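Read the structure below first, then the notes.
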Amino acid sequence: MSAPQPPQTKRLSSVRSYHGDSFTDSYEWLRDKENPEVIDYLTAENTFTERITAGQQPLRDTIFEEIKERTLETDLSVPQRKGNFWYYSRSVEGKQYPVMCRVPAQTDGTDSENFTPPTVEPGTPVDHETVLLDCNEFAKDLPFFSLGSFSPAEDGSLLAFSVDASGDERFTQHFYNCETQQLLDETIDNVFAGSFLTPDATSLIYTVADDSWRPYQVRRHVLGTSADNDAVLFNEPDVTMWLGAEISADKSALLIDSGNSEFSEIYVVPFAELDTFNSSATPVIARSQGVQYSVEPVTINGQNYLLICHNFEAVNSELVLAPYPASEDFNVYRAQWKSVMSHRDDIRVEGATLSATHLVVSARVNTTSRLFFSPLPQLQELVSFGHAPVFFEPAGFDDELYTCSLSSAGADSPVVRFNYEAWVTPTRVYDFFPATNQLILRKETPVLGNFSPANYTAYRLWATSNDGTSIPLSVMHRVDLDMTVPHPILQYGYGSYEASMDPVFGVARLSVLDRGVIFVVAHIRGGGELGRNWYLDGKKLHKKNTFTDFVATTDFLASQEWVDEKRIAIMGGSAGGLLIGATLNLAPEKYCAAVAQVPFVDALTTILDPELPLSALEWEEWGNPIESSEVYEYMKSYTPYENIRPVVYPPIAAVTSLNDTRVFYVEPAKWVAQLRHTIDKNSATPLLKIEMDGGHGGGSGRYTRWRDIAWDYAFILTHMGIPTAG
């Protein structure tokens, strides 16, 4: 029987001309997903991919079952207190989605008693438990389901939640009366993620996106009125700015934040003044100053102040205490700042919030995300006497590489909840009472079967890039692996938007490690692992450092005796998919396989069209190729779609979703078509796998996600020569 043949893709010339350069694009016609011919072609691609990879199905099934068997399917989250209720979610075996519940909280005991979550057992009803939202029931007739916001009122009377039913991340807002247990007829369409109720539960604050999927308006919906009458609190016309809103930690004010990757502008709107606020108000720091910052209101000795985390003349940011309201003269205002946590080259200050008793600062030290605490009276000492606060950390973490991330804190709560996890340590949920230095483990995510963290190891190595820069690597494998003989490598990376690939535990990854594969995360420039400069050295006209760092990581690994240089595979998603595409163009011979997940591989075409989703926002990350010929030429020299070479490439799978609003399906579709047209015919045929009812994260539901990752891993393992029987 002859091998299956890929669908024939017609080539229709479309010329793109900028700065005296013309590029002929033969596959731009695939952008029109309203064209039945395009849908037929994408469907045919799925059929072809299914036939070509049919032999991998047993391995996929095995990996899926391994994930399933390691997961406590009937489980629940640790209850989180809001007002006088504890809220939590249940997962039920056989169900795709969570069930959202609550129980009343104790209010007449000590802090420790009042803020100790109720004992809730998987599969066991709890006294006075109320089901607020069964997502499985809500999603039963929907092709896709993603829960956006979940915002209970402070008094527990109302619940606001939003649902994406297609994967395009445009949500429908719903309201549920918790007292009558009735879903209200009141809805709002096309809401962006992140809506929430005001503390008095009379209004909903939400954002809406424009045609380019950029949140550009903050609106206020008064409960019980028509959404047609919703007030626009703030309108952001600048297409390079991303708009958002949140409630301050002390619940006194609405914080409206417009910003990009280089600067921001924030308005503090006391809820008592919400009716009179308009966009002519004065921001804390005007965008014209070019400062990236965040704020948190705090009251000290009856006076209003702002905690400002900013990067003015402080590349890694610093935390200061400033008067509020702010002075319109920036230089005058700066002179009034008092240092809370000063700038350091080795610490990236990422933000601050408040508990009832302490200031909580999130910071990154030598790649590690950590939390620092200082008693609130020390802010009084700073105001009165100029004494800088002293910070401390919770003790007791023993992993070499870990992540300590804030889960919740509030000025009305004595407890700070955070998550701790490592590459081989399942997620732990801790409650920390900083006033008494009491650290309580509330839950460690169970991993069933014969799993033991002691069977795995994770540690740091350093590669050297071609310009001499040291690149941190996270390496993980089974402890019983014989490191005197070579093993296959799965190398993962991202390297954009100052996003750090922090240590996180993954049940699915165990299926790779247990098959003798060494998993390596390359913390390349463009990410945020080593501070702000690490990011700046991998963006705009320094972007190629991201790709050369990744290739240098491969070269370093290939030189180790425990690495089989013929079995190094690579994987990355979104901007990490661009990384995969650029890396393959630079050094296709170094890899045995590649998976590019929702890959941003046609970046130049996208950014040249500001009408496309997020394009204008991307100018702050990559540069503006419309206005700058230098940026245009630089981007054209590395973007994957334009730089495919007629040489042998390894087996490639591009995985995408039809309704992805962040990276359009057309980018990987065009890329795969161009790869097939250009690369050496001795290459394996590149594959396109497209989720027809999914978004940027693929299909919806946990079982669907497990099957998706099993598909990706099976593709990689097969081309490493791992037996398909599992």
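Treat the numbers as computed from the prediction; the structure is a model and nothing was measured. Heads up: numbering here begins at 1 and tracks the sequence.
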Do other residues, nucleotides or ligands put more than 12 heavy atoms under 6.0 Å from the CG atom of Asp345?
no
In Å and rounded to the nearest 0.5 Å, what is the CG to CH2 distance from Leu578 to Trp671?
9.5 Å
Can you name the one residue among Met341, His343, Arg344, Arg364 that meets side-chain contact (heavy atoms from CB on, under 4.5 Å) with Val349?
Met341
Would you please test Lys670 and Asp25 for salt bridge (charged side-chain N to carboxylate O under 4.0 Å, His left out) and show each step?
CA-CA 9 Å; Lys670 289 171 60 177; Asp25 190 338; 2.6 Å; yes
Salt bridge flag under 4.0 Å for residues Glu318 and Arg348:
no
Nearest heavy-atom contact between Val218 and Gly244 is CG2-O, 4.2 Å
Side chains of Ser657 and Asn659 in contact at under 4.5 Å (non-hydrogen atoms)
no
Interatomic distance, OG@Ser413 vs CG@Leu354, rounded to 0.5 Å, equals 12.0 Å
Least distance between heavy atoms, Ser149 atom then Leu147 atom:
O-CD1, 3.9 Å
Heavy-atom pair with the smallest gap, counting every atom of Leu233 and Ile256
CB-CD1, 4.5 Å
Run Thr605 and Asp602 through side-chain hydrogen bond (donor to acceptor under 3.5 Å, both in side chains) and show every step you take.
CA-CA 6 Å; Thr605 302; Asp602 192 20; 2.8 Å; yes
State, with a plain yes or no, whether a side-chain heavy atom of Ile247 is found less than 4.5 Å away from one of Pro199.
yes
Between Asp502 and Ser369, is the side-chain hydrogen bond (donor to acceptor under 3.5 Å, both in side chains) condition met? List the steps.
CA-CA 8 Å; Asp502 290 328; Ser369 178; 4.8 Å; no
Given side chain to side chain contact (heavy atoms under 4.5 Å, CB included), test Leu223 with Leu197 step by step and report yes or no.
CA-CA 10 Å; Leu223 274 294; Leu197 293 168; 4.2 Å; yes
Judged by modelled atom types alone, do Ser17 and Ser22 share a side-chain donor-acceptor pair under 3.5 Å?
yes
Working for side-chain hydrogen bond (donor to acceptor under 3.5 Å, both in side chains), residues His221 and Gln173
CA-CA 11 Å; His221 173 74; Gln173 186 71 47; over 6 Å; no
Take the angle between the ring planes of His358 and Phe373 and call it parallel below 30°, perpendicular above 60°, tilted in between.
perpendicular
Please lay out, stage by stage, how Met501 and His523 fare under the test side chain to side chain contact (heavy atoms under 4.5 Å, CB included).
CA-CA 7 Å; Met501 298 298 100; His523 302 286; 4.0 Å; yes
Taking every non-hydrogen atom, the tightest pair across Ile471 and Ala552
CD1-CB, 4.3 Å
To the closest 0.5 Å, what do you measure between CD1 (Ile285) and CD1 (Ile308)?
5.0 Å
Which pairs of donor and acceptor atoms, one on a side chain in residues 294-304, lie under 3.5 Å apart (sequence neighbours left out)?
from   : atom 1 : to     : atom 2 : distance (Å)
Glu296 : OE2    : Ala249 : N      : 2.5

Measure the acute angle between the ring planes of Tyr632 and Tyr18, then classify it against the limits of 30° and 60° as parallel, tilted or perpendicular.
tilted
Minimal non-hydrogen separation, Pro389 against Leu379, with atom names:
CG-CD2, 4.3 Å
Are Lys544 and Tyr634 in a cation-pi setup, meaning NZ or CZ lies under 6.0 angstrom from the ring centre and within 45 degrees of the ring axis?
yes
In short, ring-ring contact (aromatic ring centres under 6.0 Å, His included) pairs touching residues 293-316 with sequence neighbours left out are His310-Trp337, Phe312-Phe330
Separation between CG of Leu319 and OG of Ser374, rounded to the nearest 0.5 Å
10.0 Å
Within a reach of under 6.0 Å around CG of Asp346, are more than 12 heavy atoms found that belong to other residues, nucleotides or ligands?
yes
Verdict with supporting geometry, Glu618 and Ser615, side-chain hydrogen bond (donor to acceptor under 3.5 Å, both in side chains):
CA-CA 5 Å; Glu618 297 290 340; Ser615 289; over 6 Å; no
Kindly check if the number of other-residue, nucleotide or ligand heavy atoms within 6.0 Å of CD (Glu630) is above 12?
no
N-O pairing of Arg31 and Asp609 below 4.0 Å:
no
Could you tell me whether Lys636 and Asp21 have a side-chain N and a carboxylate O separated by less than 4.0 Å?
yes
Give a yes or no on whether the ring-centroid distance for Trp242 and Phe192 is below 6.0 angstrom.
yes
Are Phe23 and Tyr641 close enough that some pair of their side-chain heavy atoms sits under 4.5 Å apart?
yes
Could you check whether the rings of His174 and Phe161 sit parallel, tilted or perpendicular, using 30° and 60° as the cut-offs?
parallel
Measure the spacing between CZ of Phe277 and CG of Leu254 and express it to the nearest 0.5 Å.
8.0 Å
For Trp534 and Arg532, what are the C-alpha separation, side-chain angles and deciding distance, and is it a side chain to side chain contact (heavy atoms under 4.5 Å, CB included)?
CA-CA 5 Å; Trp534 194 248; Arg532 180 72 175 180; over 6 Å; no
Leu359/Leu376 under side chain to side chain contact (heavy atoms under 4.5 Å, CB included): CA gap, chis, key distance, verdict
CA-CA 6 Å; Leu359 169 64; Leu376 289 180; 4.3 Å; yes
Which value, rounded to the nearest 0.5 Å, describes the distance between Leu406 atom CG and Thr353 atom OG1?
6.5 Å
Is any side-chain heavy atom of Asn366 closer than 4.5 Å to one of Leu530?
yes
Shortest non-hydrogen contact between Leu371 and Ser405, atoms and distance
CD1-C, 4.4 Å
So Met635 and Ile607, do their side chains get closer than 4.5 Å, heavy atoms only?
yes
Stepwise, does the salt bridge (charged side-chain N to carboxylate O under 4.0 Å, His left out) test hold for Asp412 with Lys251?
CA-CA 9 Å; Asp412 57 353; Lys251 298 182 175 63; 3.3 Å; yes
Below 4.5 Å, heavy atoms only, C-beta onward: do Val390 and Gln378 meet side chain to side chain?
yes
I need the full list of salt bridge (Lys or Arg N to Asp or Glu O under 4.0 Å) pairs touching residues 252-272, with sequence neighbours left out, sorted by first then second residue.
Glu262-Lys539, Glu262-Lys540, Glu265-Arg287
Do Arg334 and Glu313 pass the salt bridge (charged side-chain N to carboxylate O under 4.0 Å, His left out) test, and can you show the C-alpha distance, the side-chain angles, and the key distance before you say yes or no?
CA-CA 11 Å; Arg334 277 184 56 216; Glu313 297 181 350; 3.7 Å; yes
Only residue of Thr469, Asp537, Thr548 satisfying side-chain hydrogen bond (donor to acceptor under 3.5 Å, both in side chains) with Arg525 is Thr469
Just wondering, do Phe418 and Ser408 contact through their side chains at under 4.5 Å, heavy atoms?
no
